[in-house]
Every structure is written in C-alpha cells, then in structure tokens.
Amino acid sequence: MQDRLNEIRSLALKRIKDSDSPEKLKEIQIAVLGKKGELTSIMKTLKDVAPEDRPKVGQMINDARAEIEKNLEEANKKLQEEVRNARLKAEVIDVTLPAKKPVIGHRHPNTIALEEVERIFIGLGYEITEGPEIEKDYYNFEALNIPADHPAKDEQDTFYINGEMLLRTQTSSTQIHAMEAGKPPIRILAPGRVFRADEVDATHSPSFHQIEGLVVDKNITFADLKGTLAQFAKELFGEDTKVKFRPHHFPFTEPSAEMDVSCFKCGGKGCRFCKGSGWIEILGCGMVHPKVLERCNIDTNEYTGFAFGVGLERIALLKYEIDDMRLLYENDARFLDQF
Amino acid sequence: MNTALSWIKAYVPELECTDQEYTDAMTLSGTKVEGFERLDKNLKDIIVGEILSIEKHPDADKLIVCQVNLGDRQLQIVTGAPNVKVGDKVPVVIDGGKVAGGHDGGPLPEDGIEIHNGKLRGVESFGMMCSIEELGSDRNFYPEAPENGIYIFPADTEVGADAIELLRLHDTVFEYEITSNRVDCYSVIGIAREVAATFKKPFVPPVVEVKGNGENVNDYISIEVADKDLCPRYCGRVVKNIKFGPSPKWMQRRLAASGIRPINNLVDITNYVMEEYGQPMHAFDLSTIHGNKIVVKRANDGEKFITLDGQERTLDKDILMINDAEGPVAIAGIMGGENSMITENVTTVLFESATFNGANIRKSAKRLGLRTDASGKFEKGLDPRNAVDAINRACQLVEELGCGEVVDGIADAPAPLSELRQIPFEPERINAMLGTDVSVDEMLEIFKRLELAYDENTKMLTIPSFRQDLIGFCDIAEEVARFYGYDKIPVTLPSGQGQAGGLSYKLRIEGECRNIAEYCGFSQGMTYSFESPKVFDKLLLPADAPERNAITISNPLGEDFSIMRTLSLNGMLTSLSTNFNRRNKNVKLYELANIYIPKELPLTDYPDERMQLTFGFYGDGDFFTMKGVVETVLEGLGAKKKEEYDPASARPYLHPGRQANILYDGDVIGFIGEVHPAVCENYDMKTRVYVAVLDMPKIMPLTSYDRKFEGIAKYPAVSRDISMVVPKTVLAGQIEKMIAQRGGKILEKFELFDIYEGEQIDKEHKSMAYALSFRDKNKTLQDEDVNAAMKKIMNGLESLGIELRK
C-alpha cells in the first residue's frame, strides 16, 4: 500500500511537472484528488489497514495529498501567469493610432471671454444682471445725461423704432435700471447686446456686446475705480499687465477716463499688434455723473459711484487674436471648433 | 484735428520736448495724440544749389548735365527735369542723402529713398535736384512749385542753405482726437493753452490789434437777428479795396500742415482763423448785399436757394438763413449763396463771425444733406465771445498781409452775452472723490494755468467762456485730476462692506443650457437680432401669420436688417447654410438669444424679449437625435415630469409629417422638427436639416437644482415583453402613456425595442415590441403581481385597437 501511495505520489508530481496548461493540471487534480481519484480511492482502502497502522498510513496519505495540492497550486499559478503573459504579448496595440473622441460642441469665443470677465467680477462681489435690448429713449440717453440735442443721439448712430423706443446703443442703460431697482450699495455687472448703425466690416458690426459695471456706495473714489480695473486687467490679461488711465469724455461720467493695458503680445515694447505704442485701449470708465445719480434719487452728498463699459468683442478679438469681427457672426464650424 | 508743432510753439515759445514726450504728456492730460508725422523724417542732406551751367547730355536727348554751386563745393548733376535754367536756386540732395518719394508723386515709401553718386547714360552725376513731390509734398500745399520739374527757390535764396529749413519741413504734424465736450480744443489756441498747462510753460496767444481806416462800419452795414434762439451772436466787419495775392509762406505752411490747401490771401485768412480760433468765418461780396442790411431769420417752408456750389436747395422753416433786405444770401453756418459769393472782381468784403445753435445746425445740415467744415464746427456750439476775437484776428491779418483796408468797428446785433459761470471751489470734496491728497495751492495753480479765476472771498471759481464744458463740481474735479495726473492718483479697492457676487438664476440656467448643448455636441453660434422681412416668405409663413407682426427699425442699415426677429430660425438656418455651402460636414449649432414680440404695434412700451434656445443640425442623425437632445436638456435642467410631443403643431417651415410641439404639463414650451424641404431650398441647402427651439421663459419655471436620492433597488426586477400589431394611426406616445398609466407603482421602466413596417405586415399596421421591467422597492415581486399589472396594460392597449401577439 505504501508503495502504491508512493507510486501515485511520484507519478502525480511528475505529471504536474510535465503539464503545460492549466487544463492539464485540472485533469490531474480530478484524476488524483477528485472524488473518484487515485488518492481518494486509496483513502477508501484505509479501513483494510491494521488499526494500529491506520493513523500512520492516514497521515502519509494526507501528506501526499498536501504535497500534490501544493505542487498543483504552484504549477497552476505559474502556468496561469504564462497564459496571461502570452495574452498580453498578443494584445500589443499601436497607441499612436487615432483617438476616438466624444463629439463635444464648442463655446463661442464671446461667451468664453464673457465668462472670464464675469468670474473676475463675481469674485469682487458683483452681481451679474441684464437689461432690455429694445430700450426707451429715457434710459439710453436722457437719464444718462445725454440731452435731446446731443450729437450722440444722432440718427447716424442709433437705430430707432420710433421717437420713444430704440435699440440700446450702450449697456449703460442698465445703470439706470439698477439704480431705480435698488438702493446703494450697488455693485453690478451687466453684459448684453448693443446696436449701432455701423456697416459690417472687419472691425465693425451693427450688433455687438458690451459689459457694463456700476458701483455706488459711500466713499467710492476714482482711486477705487483705478484699483478695481487694474485688478480686472491683471486677472484677464496676466499678472504682469500694466494699466494706463487717460482722461476722456462720456456724458454720464465725470471725471472720465479710457483705460489702456500694456500690450500682452510684446509686453509693452511695441509691436504690430499694439501698433507700436505698447498699449491697447480696452475700456471707458469714470465717476458716475452727479446728474445721473440725482435722476435716480440717489443723494450725491452721501453717495458716489463709478461705472465702466467694456466692449466684449474687443476683448475676444484681442485675447484670441481673431483678425476679423465678421467671423464672430458667421458661425463657421471651422472657426467655432478652435475654441 | 491736425496741427504743426511749430504753430503750437508760436504760442508756447518755451516748449521743449521730443515728439514722443509731447505725445505722452498731452495724451495723459486729456488731449489725445492719435499719431504724429515728422515732415523731415526721410529728408537728409538737401541743400540749396545754384545752377551755373547747363549742357546737353551727349547720349540722351531728354537729359541735361548741370554744374551746380553748393557754396562749399561744385557738383555735376544730370537731370531730366525740363524746367531748370542757369541761375536757378534749387534743392539738391547730395551723395548719401535721402528724399521722401519719387518724382511721380506716388505713395511715399516707408523709409524714403537714399541717393548716391552714379552715372546716367555714361555721364557722372553727384546728387539729385528735387521736385516738391520728391520732398514728400505736392503742389496743393506748395502752389508756387512747377507742375512738372524741379522746385525753384526765390532768386535771393542763400546758396548752401538748408533747403528743408527753407521749406519749413523741419516740423512735426500731430493728429489729435478731441473729445466732443472740448469745443475749445478744435483750435490751435485751445490746444496751445492745454500744452502750456501740461508743460507748465507760459501761454502767449496772439495780441490782436486792428488799426482801421477811420471809417465807421455802421455806414456800411446794419445787422438784425430776428431768431435769437438760433443765433446768439452775429458780428460783421467790412474790408475795402481787396488786393488778392498769395498768402505768406508761414501761413501757407501752417495751413498745409493742417491739411488745408493755400488758395489766396483772403481765403487763407478765413481758413487760418478757423484753425487758429476754431471759429468759421464767411465772406460776402458787400456789393451784392441789398439794402446794406443783414437779417438773420428762419427760412420759409419750401423756399428754394442756390448755394455757392451751384446746387439748388429746398429750405424749411427750421433752417436759419442769412438775408439781406431782399432775401436770403446764405444758409447760416452751413454754406453761402451763389448770389453773394466772393469773385475775383470783389472790392469790398463783409466778414461774418457768428455763433449758431449747434443742434439746429446739425439737423439742418443733415436734412439738406450738406455737411461742411463750417457746419461741423458750428454744430458743436461755439463760444459767442470767441466770435469777436476771431473776426478781429482776421482783420488784423488782412492789414498785416496787405490784403485790404479794414473799416473801424464791429457791426453787431445788440445781444447781451450771458454772464460767466461761477462754480464753488470745494477742495476737500474734490480730494474725497478722487481719493487723493492734492493741496489747495496745487489746485489753485492748476486753475490759474487754465484761466479759471478764483475769488478768495466768495470761494468761487469764474469759468472762462471758452470752457463751456465746465458746469459743476465734478468738472472741476476732473480738471484737478487731469493736471495732477491720472497716473498719480492712488490705486485702491472700494472700502464698503463686501457682498457675495453671483449670477442671476436666469443667467445660471442659461449657463446650464450651454453646458448641456455642448456636451450633446452642439457649438454655440451668434446671429443678429434684426433681419429682413423676406425671412417670413423664406420660412413659408402665411400672410396672416402672427410672426409677421414684427417690430420695425425706422432707420435700418438696409432692408436686410430692418425688423427685429420674432422667431429664431433664420439665424440658425443661415448659419447652417453657410457651413453647408462651405462643405463643412455634420454641423451642429445652438444659439441662446432673444426674439422680440411686441405687445402692441406701434411700439409704445417694452416688447416681450424672449430668450430662445435654438438647436439645428445636418449630417449624421435624424429627428430622434434631436429629440434626444431636447430630452437631455430638460432632464439636465431638472424638469420633474416627462415632456410630451404633439405632432399637430402645423408649422409651415417644418416637414408636415415630421414635426411636433413640445408640451410640458399641456403647455407648449417649444417645437422640434425636420425643416421643410422647400425652406431648405430657400436657404440653399440640399440636405435634411433638423431644428428644435425651446422657449426659455416657459422652461424657467420647470427648472430645478433640487435632487433627491431615491435609494438603489434591493429586490430583483421582473422583465416582460409585449409584442403587438398596432394600427398606424396609433402613436408610440399613446402606447407609452397607456403603459405608464396602467403599469402602476411596480412598473419601473419600459423601452421600445423593435418597430417594423413592411412586407410581413399589412399596410394599415405596424409591429411594435416593448420590454417592460417591474420591481417592488420593498419585496421580491410575485408572478401574480406582475400578471395583474400586465393584464391592465394589455386591456388598455387593446382598447387602442392594438392586437397583442401572444
């Protein structure tokens, strides 16, 4: 019996050693260790062994079973690894083949620029609001200290519906709506479409966008205006951006200014982009004219404010180096896909 | 406005700076320099030479060989110019020198042309004699230059002198952008005053003195202003014995630098004063003025008048006219009449210097279609006090130039000039607004340079009449800021209590729409708000369609931009068409923009501006692709219920069998469909196009950021399939509604997995199959529960005329 056991054991170990696939190991396992396997059969003959020898023989059988199991497991592990390695080897792909991209749409460059501007001013505590595009004369002109005879009201510039209604020429009209709707402190940013009677060309469009900003509170100063817009410019165009304020004239602000930023292409040295000056004109701004505040029933002894207006297309064209404004309204996929 | 720096320096003699320093300083103090041009930038080594001898070129008929004396040397120069003769003094550019352009007067090269010694047809030439074109100008500005050939200096010109200097080309012309409030700066005097204040140098304006001939102007002319509201000031002076001739070189050069062509002494004087004082002047031939009388009054409606350009103009009662005793002689502030214009035979001239109502001039000029240099100035609203200074300056120049004999006195309509404005000086308030700490002394110093008088006792500032823009406190604050320096004002942030910024809910939802649209593969387009009324025909809208009630722009850029859109499709289809015709494949676009629905026409109040989310595509996909986008948008925006699709939407611009209104709770919130092939044809697209429009005001109330976790099912689901033969008239929507209604709580989901029409089935029917899934949250479902639900569903379906395949 012992011989038989040794024979089974050594044969099994040999077969395990010679196996070249997990399937063969499985066969061996069934043939030797299975319910009807050789070792199991021997175990069944244990009752024929003399009772005093049974523990010893039993132990021997168990040892043989353990040894075979261990060998099976090791061999299996090894063979499994070989199989996996073979599969991995067979599965090599050319990783430089083209990608399968999900088709995702693109945002309009105007919107990308607007969202960036909004992000900056939301961070400074501004509420983003809107106003009507078809506007009353009063809000577009009169309340903004542009009286009936002002050249800015000339039909050449303004699209009129009739004597009373027009297409707003500036988002500054939202200033009046904001001051009528709420009491100071006011801190709003109002983007939107505006319209002017300009023929379409590379730098003009009869319909474009502005972003209006308005702050009204106690102790608001021209220095605050400078600080706010300087921070805006740095965030929009980069930390190294310098700003320059030049006196200008707008009927609804006084003092008024235009802000230039140092050319972000050449850093201010002068290039074709900034026409050699090193500076790029970005926006108009100023302290809200007392007449405008008074019209909105805001006490000019207690409150001051500043306002600014940015041309959105101007920012988008500059920032994304788009050389023709018409591209913004053609919606050619080859253009939009670049944003 | 363009002006030579030399003219400015005449009134600010101590000014010393480079062109760039001037540009920067003036721009920073508010007189923006748009650019400058150095007239001598490409002129180098050009000196006056005298032609000593001229010989024929041995080998060229059209060339001559000149010996030229340059003072310190003598050079041989070959030229083809036809006009030179021995003894002429001419500009000569020597070896290594530079000229600005070619002799043909074509566009000037950026860096000029360098001249070197060379041979012309074998004969050596050591330089070049120059025409006025080669010096970068032309006969418009140097009327004495020959039409074709070398510029010739007067006989007494010193040989060897700097020719550039003699031609007054060592100068720089600055171009300014003057803001509309600074009427005074549309003049050399006004700019010079700003220059003096900017550079803190003395301002030395011309001293105006008229000698006069001892006669009295009132013996020649009387002036009456009938419509004082349109003419605050009207002054006249008389000049006798007019002697025409060229104006002096210094005047010609200053005018030329300003872009004005010198004509003759009389014309040049009026132009010169217009530039110098910003006051347009008009000159009448006094012999044509009837009754020795000027009457300023409105015209009659329909009256005709011939202006000095020979054109007949039709007048109206809002146009102000200058009349004599018999009738009109000029349109006030715009253009003189043919009947009173100056001719070469004039002997006595009446100068007019007046101010008119700016708005009236602007409107009149526009109605007449006649905008002139003069009307451009008058429409800004000129200073009545300046009118007197200007007319006296003109008369002074007449005397200085020997152009005529000035009669004493100014004929003037007695009109009291308004008092000079007074504004309180509030230094603390100024500093508080600017955020500065400018001393009172520094402020007063600034005011002094700007000619604002300060009275210590009253603490009032008196504003000179030329500063009509200074009205209140904030204007004074700006003057301080400008000359203290915008760059020196500190940089701070508002000190008030902070508040949380953010988007309005509407803008936030619109942002969500953009995100969803883009991850569905649609790119954002932008199109105009106005379009052509022809759009309605292109979209096949019937004559009585409500969409045709659009707001009309009264002064559009053209018919194509004349109405405010009442539906958003035209912009979308136009953009798709652009892409299609540029052969872009599979284009998907969306737009978020307003349409404008009038509440009533004509418009008296705000219209309804309705934000539309418009989708459009062609290429891969079909109606159901678009439907999937709509569902994704509504789900993404947090709509709690399922939208429905009603094919009875009858929109003429869509395929009659492939369109639907999108309903939510029974309310139409948008529409979807394939574009009608005839519309595609109108937009020049030979492809199927799909669109969907969501009306955002209807969408807003059903949006929500509210999400609740409902747990993950613990018990198994039971699946059942239904296969059926359905009359074609029954819509999937009806079947699904029935399944949803009758399935009860345990119905988890259902899905159409097969639909078939064709040979295997009769023409009136289609075959459809749904997979249903039942699940109970709280227990494992039993067959009988599912069977009961299925029976209810089946019964319901059978009531729709559906035959179930068992």
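Order of the sequence lines sets the chain letters (A, B, ...), proteins ahead of strands, with each chain counted from 1. Just so you know, these numbers use all the heavy atoms, side chains as well, and skip hydrogens, waters and symmetry mates.
- Partners of A/E235 according to the side-chain contact (heavy atoms from CB on, under 4.5 Å) rule, which considers only residues two or more places apart in sequence or in another chain, are A/R119, A/I120, A/Q231.
- Checking B/E531 against B/N570 by side-chain atom types alone, a donor-acceptor pair falls below 3.5 Å.
- Contact of B/L507 with chain A is made through the side chain alone, with heavy-atom distances under 4.5 Å.
- Within the 4.5 angstrom heavy-atom criterion, only backbone atoms of B/F522 (N, CA, C, O) approach chain A.
- Looking at A/F339, neither its backbone nor its side chain comes within 4.5 Å of chain B, counting heavy atoms on both sides.
- Proximity to chain A involves both the backbone and the side chain of B/N515, based on heavy atoms less than 4.5 angstrom apart.
- Using a 4.5 Å cut-off between heavy atoms, B/R429 contacts chain A through its side chain alone, with no backbone atom that close.
- For a residue to count as touching a neighbouring chain, one of its non-hydrogen atoms must lie under 4.5 Å from one of that chain's; by this rule A/L336 touches chain B with the side chain only.
- Less than 6.0 angstrom separates the ring centroid of A/Y126 from the ring centroid of A/F121.
- Not less than 6.0 angstrom separates the ring centroid of B/F561 from the ring centroid of A/F159.
- Only the side chain of A/Y139 comes within contact range of chain B, with at least one heavy atom under 4.5 Å from a heavy atom of that chain.
- If you measure heavy-atom distances from B/L589 to chain A, the contacts under 4.5 Å come from the side chain alone.
- In the model, B/E591 has a side-chain atom that pairs as donor or acceptor with a side-chain atom of B/T527 under 3.5 Å.
- The part of A/K244 that comes within reach of chain B is its side chain, from C-beta onward, which places non-hydrogen atoms under 4.5 angstrom from that chain.
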**OP:** Dump the intermediate steps for salt bridge (Lys or Arg N to Asp or Glu O under 4.0 Å) on A/R334 and A/D332, then the final yes or no.
**Re:** CA-CA 5 Å; A/R334 294 166 300 176; A/D332 189 319; 2.6 Å; yes
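- Both the backbone and the side chain of A/S256 come within less than 4.5 Å of a heavy atom in chain B.
- Taking the six-membered ring where tryptophan is involved, the planes of A/F141 and A/Y160 are tilted, since the angle between them lies from 30° to 60°.
- There is no contact between B/N357 and chain A, counting heavy-atom distances below 4.5 Å.
- Using a 4.5 Å cut-off between heavy atoms, A/E127 touches chain B through backbone and side chain atoms alike.
- For the residue pair A/T111 / B/R514, no side-chain donor-acceptor distance below 3.5 Å is found, with atom types taken as modelled.
- Proximity to chain B is limited to the side chain of A/F195, based on heavy atoms less than 4.5 angstrom apart.
- Looking at B/N594, the atoms closer than 4.5 Å to chain A (heavy atoms on both sides) all sit in the side chain, from C-beta outward.
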